[in-house]
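Residue numbering restarts at 1 for every chain, and letters A, B, ... go by the order of the sequence lines. A quick note: this is a predicted structure, and the numbers were derived from the prediction, not measured.
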2 protein chains.
Amino acid sequence: MIGMDDGPKAPPTLHDVAREAGVSIATASRALNGSSRNVRSENASRVRAAAAKLDYEPHLSAQAIAKGSTRTVALVVRDVADPYFSSIAAGVTQAAQECRLIVTMAVAGGSPERELEIVRTLRGRRPRVIIVAGSRVDGSGTRGTLVEELTEYRTAGGRVVLISQRDLPFGTVTIDNRGGAERLARALLAAGYRRFAVLHAQERIRTSRERHDGFLAGLRHAGVPEPLAIETGFTRAGGYEAARRLVERGVADVEAVFAVNDVMAIGAMTGLRDAGIVPGRDIGVAGFDDIDAAVDVVPALTTVAVPLREAGLTAMRLALSDEETADHSLPTNVVLRESTPPRPPT
Amino acid sequence: MIGMDDGPKAPPTLHDVAREAGVSIATASRALNGSSRNVRSENASRVRAAAAKLDYEPHLSAQAIAKGSTRTVALVVRDVADPYFSSIAAGVTQAAQECRLIVTMAVAGGSPERELEIVRTLRGRRPRVIIVAGSRVDGSGTRGTLVEELTEYRTAGGRVVLISQRDLPFGTVTIDNRGGAERLARALLAAGYRRFAVLHAQERIRTSRERHDGFLAGLRHAGVPEPLAIETGFTRAGGYEAARRLVERGVADVEAVFAVNDVMAIGAMTGLRDAGIVPGRDIGVAGFDDIDAAVDVVPALTTVAVPLREAGLTAMRLALSDEETADHSLPTNVVLRESTPPRPPT
DNA sequence: TTGTACGCGTTATCAG
DNA sequence: CTGATAACGCGTACAA
């Protein structure tokens with residue numbers, strides 16, 4: 001035990017494996033990761049044995065640099081803790097695992113600048129595909145730069161897929177926000193609701209805008225008053241806060257609240273209740289997304305189901321397919337629950 | 001436009017930047033990423049200009065291989081879509097971003113074999129730190145191998161942090177599951193509850209076992225009957241299903257249900273309600289974790305608050321500190337809400 | 001089938 | 001302060 005060095009011991013390299021197996025590095029490489037099967041089976045098994053004995057793992061960075069490509073998928077989301085994005089992430093991760101790809105996740109936090117910076121540095125990792133999941137906001141000035149950056153990435157052989165952002169020259173998985181919101185509006189009209197408040201986020205956030213517009217479109221020609229629009233954050237806290245504001249203003253003239261996503265709607269329900277107004281009895285509430293929690297709140301939340309997990313899966317498939325710039329649209333479904341009980345005509 | 005080649009155009013390399021700036025590669029390297037500032041400022045700015053013009057991004061794999069270390073944090077979770085893990089992930093991501101580290105996420109899905117395989121291939125990426133967030137189950141046979149694998153990784157200079165698993169020779173962030181559950185039990189006793197059912201997961205899942213044990217410990221010496229134990233999945237669906245089973249069996253003799261985590265508790269509340277039993281009125285319900293949704297369900301869920309996001313932050317800090325194997329314990333707090341109203345003594 | 005030798009994009013060493 | 005040049009670990013033509 002003299003002269004033992006406990007400092008960091010370098011992991012075994014292919015070189016070590018080759019030496020242990022008594023073959024050249026090239027043979028070892030072929031035996032372990034070689035595309036061509038041309039290695040004598042006896043040698044092959046000796047190499048595998050040596051690798052197992054030394055607990056060898058190929059250095060992925062070295063492989064990446066030698067082969068010129070990685071097995072990585074980069075996913076950009078706004079917030080990991082938001083069920084909307086974590087469901088998408090789950091889908092992407094699942095699909096990636098089936099293809100033996102590894103997904104790395106970056107959080108943009110709703111800032112276009114941050115998002116741009118992320119995509120930029122992401123390029124340095126040379127991922128095989130980049131998936132950007134709807135943190136995009138319009139008119140931010142960084143949009144052109146982002147498109148440029150992604151285009152350049154694709155020119156270098158990368159795959160780009162955008163979730164929930166139409167009109168950009170990349171593969172996109174889009175969600176029928178407009179149509180879903182429109183059908184929701186009509187369903188609520190059919191249930192007897194006439195006077196609405198809409199809780200939405202900044203106009204720059206596309207998803208919010210599309211759902212808002214769709215809802216208004218569904219109301220058009222129904223002869224109902226223009227809904228009250230309340231702008232707030234795209235989060236649970238935003239919904240809560242907006243509900244409080246709504247109550248302060250007075251809710252006598254609103255029969256139902258539509259929040260542009262479920263976390264906002266759920267926050268709003270709590271906000272209303274905290275102010276003494278019972279959702280589903282005193283006022284209808286509807287959301288959008290159909291996250292798991294929608295059936296656990298009371299009353300269960302009326303919403304528009306979005307196949308989030310599938311959006312992630314589809315995005316991966318699209319990325320791996322050879323269509324450069326296909327647009328895959330996912331349908332949405334109105335789900336009526338107890339938060340918007342049928343309302344007797346006045 | 002003759003002879004244009006639209007095939008994948010290789011991204012610019014340091015070589016290109018150097019040529020553009022009229023300096024050597026070495027100088028370019030130093031100007032852009034060099035630790036030492038010893039490069040004439042005029043040359044430095046020329047290099048930076050060239051890099052910007054060519055839209056150069058350093059090839060991270062190449063850097064990794066040259067420097068022998070990456071700027072990556074690998075996070076292993078059971079399920080991205082579970083708020084428990086996504087909150088932790090949010091914390092890790094935040095802390096990582098502050099240190100300009102990139103986090104890559106792998107999903108083990110509750111399988112120890114899968115988890116082991118993940119850690120193994122993770123080593124190939126040579127991350128700077130590996131954080132394993134409680135997907136571990138005991139007595140799975142893979143445990144020894146996992147420890148071995150992680151030890152080897154650490155020997156090679158990597159940092160390991162485990163979240164919510166004591167007794168392993170690595171840095172750990174542990175959560176006071178036992179103590180929290182014990183205090184919860186006492187709080188429920190104080191509120192007048194005497195007869196309980198516990199919804200727990202398999203005994204092999206440590207977190208579940210600790211919370212279960214702690215709860216029983218809190219009940220001890222109180223002269224109350226042994227709680228009814230119902231084993232089910234560690235998920236929302238598990239909670240729902242267990243509640244249905246409980247109802248089938250008959251709930252006349254149980255005054256409160258303790259589920260070992262919030263998603264189970266929330267699922268159980270819905271399950272009870274679907275069976276005509278109103279949580280908070282007919283029966284008390286309590287959970288563990290205090291996820292966001294706990295305040296949005298009705299009645300609001302009594303639970304034990306766990307600083308999940310902070311667990312992620314702490315894990316990163318621990319990883320970056322130089323203590324090889326510290327144990328940082330996070331406190332938990334009982335939060336009584338409407339799902340367990342005080343119960344008049346019989 | 002196997003081995004030698006070179007290249008991948010960077011950093012680090014060591015003379016100038 | 002700068003520029004050759006040798007690593008880093010691996011894949012792969014090319015030659016044997």
Nearest-Å distance for atom pair CZ/P, residues A:Arg19 and C:dT2: 19 Å

What base-paired stems does DNA chain D take part in, with at least 3 consecutive Watson-Crick or G-U wobble pairs and both distances under 3.5 Å? C:1-16 with D:1-16

Examine distances only and state if a side-chain atom of A:Arg128 and a backbone atom of A:Thr70 form a donor-acceptor pair shorter than 3.5 Å. yes

Whole angstrom is fine here: how far is it from CZ in B:Arg125 over to C1' in D:dC10? 16 Å

Looking only at atom types and distance, does a side-chain atom of A:Tyr153 sit under 3.5 Å from a main-chain N or O of A:Pro127, one as donor and one as acceptor? yes

Nearest-Å distance for atom pair NE2/P, residues B:His15 and D:dT5: 14 Å

Any donor and acceptor pair, going by atom type alone, linking the side chain of A:Arg154 with main-chain N or O of A:Val160 inside 3.5 Å? no

Do B:Ile131 and B:Val103 have side chains that approach each other closer than 4.5 Å (heavy atoms only, starting at C-beta)? no

How would nucleotides 3-9 of chain C be written as a contact map, 5' to 3', with B for base contact, S for sugar-phosphate-only contact and - for no contact, using protein heavy atoms under 4.0 Å? BB--BBB

Sidechain-backbone polar pair: A:Arg114 side chain, A:Ala108 backbone, donor-acceptor under 3.5 Å: no

Does B:Ser29 have a side-chain nitrogen or oxygen under 4.0 Å from the phosphate oxygens OP1 or OP2 of C:dT10? no

Please check this pair: side chain of B:Arg126 against backbone of B:Arg123, looking for a donor-acceptor N/O pair closer than 3.5 Å. yes

When you measure from the side chain of A:Thr13 to the backbone N and O of A:His15, does any donor-acceptor pair fall under 3.5 Å? yes

So, OP1 or OP2 of D:dC10: does either fall under 4.0 Å of a side-chain N or O from A:Asn33? no

Main chain of B:Ile25, side chain of B:Ser29: is a donor-acceptor contact present, judged purely on distance under 3.5 Å? no

